[in-house]
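All remarks here apply to the structure that follows.
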There are 2 protein chains.
Amino acid sequence: MEVSVSQENYLKAILKLERAEGIASNQAIAQNLESTPAAVTGMLRKLCDEGLVEYEAYQGAKLTQVGEQHALSTVRKHRLWEVFLVDKLSYRWDAVHDLAEELEHIGDEIFVDRLAAFLGHPLFDPHGDPIPDALGNIRERKDVVFSSEALAGMKFSVCGVSDSSDEFLRHLNRLGIELGSIYHAVERFDFDGSMEWTNDDGERVLVSSGVAEKILIQIHE
Amino acid sequence: MEVSVSQENYLKAILKLERAEGIASNQAIAQNLESTPAAVTGMLRKLCDEGLVEYEAYQGAKLTQVGEQHALSTVRKHRLWEVFLVDKLSYRWDAVHDLAEELEHIGDEIFVDRLAAFLGHPLFDPHGDPIPDALGNIRERKDVVFSSEALAGMKFSVCGVSDSSDEFLRHLNRLGIELGSIYHAVERFDFDGSMEWTNDDGERVLVSSGVAEKILIQIHE
DNA sequence: CTAAATTTTTAGTTTATCTAAAATATTTTT
DNA sequence: AAAAATATTTTAGATAAACTAAAAATTTAG
């Protein structure tokens, strides 16, 4: 059973929606893949026939065991390639998504496992997203909150973002914020929810509420 | 102008045939790609429209400058990925072709250049085939002959093969022959053209004429 | 200058996916 | 629980990219 590129993208979308909302509705899938509900129905039937998705008309979709493994393997490949591009080929974190999106559809499990080994079995990709292991287990991070939760005086490190779009990441580049950066929350300005942070070198950044709500942090003290 | 995977495979086949025979005949292309002459005609028209191939009905095909650059870039990617798979992911030389065949269609020039830099700008792939540089120049090797030319008493090193099929390479694995191996030609048996070689450890191999005709060597003395 | 070989044309076929609009089912509201 | 709103499916066909078989045309070789 060969799973096409398009089918793998469906599986990824369903995985994401299932984790977020318990079930993947037709409409949500269509939105995710910039397609239409009618097209989604057609593909769900096919994925169901192939045993990758559990699907009953009008009831939305869930991945089967096999489907979930396949989706996780694709996510694993995607994130490993992102690590490769950043660590080995010196790409910046805002320039790796599209390439990884192509590379994720190539090769078998052996290939991925060797790639993972070569990269030193990384646990997180360049955006801080966890990389599933060979069995599909995702090490969810503990004590991770959005930086908008940080209170004045707290020290924290940036460990992820909830938006990996090029535009957002480039904005963080301009602010000097990157994965692993350590800051103190100095003050929150109530009238617009923006925050001032400072690092150990005394540099200050002003972070708007919209940005703060997309940055994941671990609080140190 | 997007060049499809299938089109890239046509360009590669035409490049190969053009180098070998001056022009790529319809039939030869069809044979190479396991297709039919009628299908080839259709694709040549399209490639001609897109400016990748020079083509007049009944006259066979040649690559344009643009087409040749594109084909060389694909070959470059293919061979670089083979180096990656062998050097970094510990694949054996007989197990890399199919994966490289998939990877060669991904990414742009920047990506290839970074991959080449990461690998240390290798000049040859794991089968001894030369890797085109970023400008498409292929460093053809001097003083390379088929091992069937070696005379008794000559010392030589294996630097390539003219057949990269898994079967042939696995046969060489069984004989213990690999890229860089150094041998002396001990004797040629006239009745079947087979040869006996020996290396510095005193190990002997018997090489049939068919095999000897597919191994490229550089003579040392 | 034929005959043989090669190439092109013709006229679909295949596969995989998508779309618009109508019909149907489900959910929400009242 | 019926009506209204929302979501999903069906229908019917579109699209794209490549392929095929067989007939027609062209080129090449003897």
Side-chain angles (χ1 to χ4, degrees), chain A residues 1-14 16-18 20-63 67 70-71 74 101-102 104-106, chain B residues 1-14 16-18 20-63 67 70-71 74 101-102 104-106:
Chain A
M1 262 162 255
E2 276 310 289
V3 184
S4 73
V5 168
S6 171
Q7 287 180 332
E8 289 189 339
N9 287 331
Y10 270 86
L11 295 179
K12 275 202 306 173
I14 296 166
K16 187 163 102 186
L17 291 165
E18 216 184 313
E21 345 207 307
I23 196 141
S25 81
N26 216 301
Q27 197 176 43
I29 297 170
Q31 223 148 38
N32 245 274
L33 300 174
E34 298 183 70
S35 178
T36 62
V40 173
T41 301
M43 184 57 100
L44 289 182
R45 285 169 141 299
K46 188 176 292 184
L47 292 171
C48 189
D49 288 350
E50 292 176 9
L52 296 165
V53 151
E54 266 175 63
Y55 165 68
E56 271 185 289
Y58 297 101
Q59 303 308 305
K62 286 188 174 200
L63 297 172
H70 200 102
T74 307
E101 202 72 16
E102 293 190 67
E104 75 187 6
H105 303 293
I106 287 181
Chain B
M1 260 163 254
E2 276 308 289
V3 183
S4 73
V5 168
S6 172
Q7 287 180 329
E8 289 189 337
N9 288 332
Y10 270 86
L11 295 180
K12 274 202 306 173
I14 296 167
K16 188 163 101 184
L17 291 165
E18 215 183 312
E21 346 208 306
I23 196 143
S25 82
N26 214 301
Q27 196 176 42
I29 297 169
Q31 222 148 39
N32 245 273
L33 300 174
E34 298 182 71
S35 178
T36 62
V40 173
T41 301
M43 183 57 99
L44 289 182
R45 285 171 139 299
K46 188 177 293 184
L47 291 171
C48 190
D49 288 351
E50 291 177 11
L52 296 165
V53 151
E54 266 175 62
Y55 166 68
E56 271 185 290
Y58 296 102
Q59 303 308 306
K62 286 189 174 198
L63 297 172
H70 200 102
T74 307
E101 202 72 16
E102 293 190 67
E104 74 187 7
H105 302 293
I106 288 182

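The sequence lines fix the lettering, A, B, ..., with proteins before strands; numbering per chain opens at 1. Scope of the values below: all heavy atoms of this structure, side chains included, with no hydrogens, waters or symmetry mates.
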(message) From C-beta outward on B:Lys46, which listed nucleotide comes closest to its side chain: C:dT17, D:dT20, D:dA17?
(response)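 Of the options given, the side chain of B:Lys46 lies nearest D:dA17.
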Distance below 4.0 Å between [X] side-chain N/O and [N] OP1 or OP2:
X: B:Tyr10; N: D:dA17; result: no
X: A:Thr36; N: C:dC18; result: no
X: A:Ser4; N: C:dT17; result: yes

Roughly how many Å is it from [atom1] in [X] to [atom2] in [N], rounded to a whole number?
X: B:Glu50; N: D:dA16; atom1: CD; atom2: P; value: 14 Å
X: A:Glu8; N: C:dA16; atom1: CD; atom2: C1'; value: 15 Å
X: B:Leu33; N: D:dT20; atom1: CG; atom2: C1'; value: 16 Å
X: A:Leu17; N: D:dA7; atom1: CG; atom2: P; value: 15 Å
X: A:Ile23; N: D:dT8; atom1: CD1; atom2: P; value: 10 Å
X: A:Ile29; N: D:dA7; atom1: CD1; atom2: P; value: 14 Å

(message) Quick check for you: to the nearest 0.5 Å, what is the distance between B:Glu101 atom CD and B:Thr74 atom OG1?
(response)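 Atom-to-atom, B:Glu101:CD and B:Thr74:OG1 are 10.0 Å apart.
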Within the 4.5 Å heavy-atom criterion, are [X] and [Y] side-chain neighbours or not?
X: B:Ile23; Y: B:Glu54; value: no
X: A:Leu33; Y: A:Tyr10; value: yes
X: B:Met43; Y: B:Val53; value: no
X: A:His70; Y: A:Gln7; value: no

Collect all protein-nucleotide pairs involving nucleotides 7-13 of chain C in which both atoms are nitrogen or oxygen and the distance is under 3.5 Å.
from  : atom 1 : to      : atom 2 : distance (Å)
C:dT7 : OP2    : B:Gln27 : N      : 3.0
C:dT7 : O3'    : B:Tyr58 : N      : 3.3
C:dT8 : OP1    : B:Tyr55 : OH     : 2.4
C:dT8 : OP1    : B:Tyr58 : N      : 2.7
C:dT8 : OP2    : B:Asn26 : ND2    : 2.3
C:dT8 : OP2    : B:Thr41 : OG1    : 2.7
C:dT8 : OP2    : B:Tyr55 : OH     : 3.3
C:dT8 : O4'    : B:Tyr58 : OH     : 3.4
C:dT9 : OP2    : B:Arg45 : NE     : 3.4

(request) List in chain and number order the residues that pass side chain to side chain donor-acceptor pair (under 3.5 Å) with A:Thr41, two or more places apart in sequence or in another chain; answer none if no residue qualifies. (result) A:Asn26
